[in-house]
Amino acid sequence: MHEWAIADNLVKLVASAARREDLESVSKVVIRVGVLQQVIPETLETAFSMLAEETDIAAARLEIMIVPMEVRCRLCGATTTGAGLIFICKCCGSADVDIISGKELYIDYIEGEKKGT
């Protein structure tokens, strides 16, 4: 369950960003996760909530945006979205493809209130 490790790093990164940006509170954290990361969103949300409980970001809600897999064929140049974990061009059937999305895992943005506002 790598979701717990991801959540632990998220909590640390968001808490650090909140301190750096002088936020009094964090209400929402939006992340983008590629389908190839094989993250179970519910598990990640639970882990994030539990790990954030005793921190300055305890009130933060995690929103997970799943990024589909997209491949570009080296043979015909077509760009298509992948079906599941199949790395084959839908246009020509070639397996000679580059994965151009679906491996992402990053914080898109953080919403919160500045101190003194």
Side-chain angles (χ1 to χ4, degrees):
M1 290 200 337
H2 67 289
E3 289 84 357
W4 285 87
I6 293 168
D8 185 49
N9 284 321
L10 279 173
V11 167
K12 289 174 183 170
L13 287 168
V14 172
S16 176
R19 284 189 298 277
R20 184 178 63 248
E21 296 298 324
D22 204 24
L23 297 179
E24 184 173 340
S25 65
V26 174
S27 56
K28 182 163 75 170
V29 177
V30 178
I31 64 170
R32 296 203 177 262
V33 180
V35 69
L36 295 175
Q37 293 291 339
Q38 297 184 325
V39 166
I40 300 169
E42 297 81 12
T43 304
L44 182 55
E45 289 167 355
T46 299
F48 180 85
S49 293
M50 291 178 75
L51 292 168
E53 270 180 8
E54 302 298 320
T55 71
D56 295 338
I57 64 163
R61 180 176 54 87
L62 182 64
E63 186 175 311
I64 302 169
M65 309 296 286
I66 302 296
V67 179
M69 182 179 70
E70 194 172 46
V71 297
R72 180 175 298 119
C73 181
R74 291 180 185 163
L75 187 62
C76 74
T79 300
T80 59
T81 55
L85 300 177
I86 298 176
F87 305 107
I88 295 176
C89 176
K90 289 181 182 177
C91 294
C92 72
S94 172
D96 190 13
V97 297
D98 290 316
I99 298 170
I100 56 176
S101 72
K103 297 189 284 185
E104 298 83 354
L105 176 55
Y106 63 88
I107 297 171
D108 194 20
Y109 64 91
I110 299 168
E111 288 183 3
E113 293 292 323
K114 285 265 194 192
K115 290 181 182 174
T117 59

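Just the heavy atoms: all of them, side chains too, but no hydrogens, waters or symmetry mates, feed the values below. Source: prediction; values computed, not measured.
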Undergrad: Atom NZ of residue position Lys28 - does it have more than 12 heavy atoms of other residues, nucleotides or ligands inside 6.0 Å?
TA: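 Counting other residues, nucleotides and ligands, NZ of Lys28 exceeds 12 neighbours.
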Undergrad: Do the side chains of Leu75 and Cys89 get nearer than 4.5 Å, heavy atoms only?
TA: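 In short, these two side chains do not touch, never coming nearer than 4.5 Å.
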Undergrad: Output yes when a side-chain donor or acceptor of Ser16 lies under 3.5 Å from a complementary backbone atom of Lys12, and no otherwise.
TA: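 No, Ser16 side chain to Lys12 backbone: no donor-acceptor pair under 3.5 Å.
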Undergrad: Can you name the nearest heavy-atom pair linking His2 to Gln38, along with the distance?
TA: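 Heavy atoms of His2 and Gln38 come nearest at CE1-O, 3.4 Å.
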Undergrad: Would Ile31 and Leu44 count as a side chain to side chain contact (heavy atoms under 4.5 Å, CB included) here? Give the steps.
TA: CA-CA 11 Å; Ile31 64 170; Leu44 182 55; 3.7 Å; yes
Undergrad: Verify the cluster assignment for Leu105 and Met65: are they in a single hydrophobic cluster under the rule of side-chain heavy atoms below 4.5 Å apart?
TA: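 Hydrophobic grouping puts Leu105 apart from Met65.
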Undergrad: Is it possible for you to say whether Val67 and Met69 belong to one hydrophobic cluster, with membership spreading through side-chain heavy-atom contacts below 4.5 Å?
TA: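 As far as the 4.5 Å side-chain criterion goes, Met69 and Val67 are not connected within one cluster.
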Undergrad: From Leu13 CG over to Tyr106 OH, what is the distance, rounded to the nearest 0.5 angstrom?
TA: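 Here the interatomic distance stands at 15.0 Å.
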Undergrad: Report yes or no: does Glu104 contribute a side-chain atom to a donor-acceptor pair with the main-chain N or O of Gly102 at less than 3.5 Å?
TA: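 Here the side-chain-to-backbone pair exists.
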Undergrad: Restricting to non-hydrogen atoms, name the atom on Leu23 and the atom on Gly112 that form the minimum distance, rounded to 0.1 Å.
TA: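 Closest approach of Leu23 to Gly112: CD2-C, 4.3 Å.
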Undergrad: Rounded to the nearest 0.5 Å, how far does CG of Asp96 lie from SG of Cys76?
TA: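 Going from SG on Cys76 over to CG on Asp96, the span is 10.5 Å.
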Undergrad: Treat each ILVMFWY residue as a node, draw an edge where side-chain heavy atoms are under 4.5 Å apart, and state whether Ile107 and Ile64 are in one component.
TA: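 Same cluster: Ile107 reaches Ile64 through Ile, Leu, Val, Met, Phe, Trp or Tyr contacts under 4.5 Å.
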Undergrad: In terms of hydrophobic clusters joined by side-chain contacts under 4.5 Å, are Ile40 and Leu62 together?
TA: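 Shared cluster, no.
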Undergrad: Give me the atom names and distance for the closest heavy-atom approach of Ala58 to Glu53.
TA: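 The pair with the smallest heavy-atom distance is CB-O, 3.4 Å.
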Undergrad: Any chance you could lay out the side chain to side chain contact (heavy atoms under 4.5 Å, CB included) test for Ile6 and Phe48, step after step, and finish with the verdict?
TA: CA-CA 8 Å; Ile6 293 168; Phe48 180 85; over 6 Å; no
Undergrad: Check for a donor-acceptor pair, side chain of Ser49 on one end and backbone N or O of Arg61 on the other, with a separation under 3.5 Å.
TA: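 Here the side-chain-to-backbone pair does not exist.
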Undergrad: Would you name the heavy atoms of Ile57 and Val26 that are closest together and state the gap between them?
TA: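 It is CG2-CG2, 3.8 Å.
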Undergrad: Quick one, Ile88 and Val97 - any side-chain contact, counting heavy atoms below 4.5 Å?
TA: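 They are not in side-chain contact.
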Undergrad: Please lay out, stage by stage, how Asp22 and Lys114 fare under the test salt bridge (charged side-chain N to carboxylate O under 4.0 Å, His left out).
TA: CA-CA 6 Å; Asp22 204 24; Lys114 285 265 194 192; over 6 Å; no
Undergrad: Does the Glu70 side chain pair with the main chain of Thr81, one donor and one acceptor, at a distance under 3.5 Å?
TA: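 Side chain of Glu70 to backbone of Thr81: no pair is present.
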Undergrad: Apply side chain to side chain contact (heavy atoms under 4.5 Å, CB included) to the pair Cys92 and Cys73, showing each step before the final yes or no.
TA: CA-CA 8 Å; Cys92 72; Cys73 181; 3.6 Å; yes
Undergrad: How long is the gap from NZ on Lys115 to CD on Glu113, to the nearest 0.5 Å?
TA: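 Result: 13.0 Å between the selected atoms.
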Undergrad: As an exercise, state the distance from OG1 of Thr43 to CD of Glu45, rounded to the nearest 0.5 Å.
TA: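 Rounded to the nearest 0.5 Å, the OG1-CD separation comes to 9.0 Å.
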Undergrad: Is Val35 linked to Val30 within one hydrophobic cluster, defined over Ile, Leu, Val, Met, Phe, Trp and Tyr using a side-chain heavy-atom separation of less than 4.5 Å?
TA: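 Shared cluster, no.
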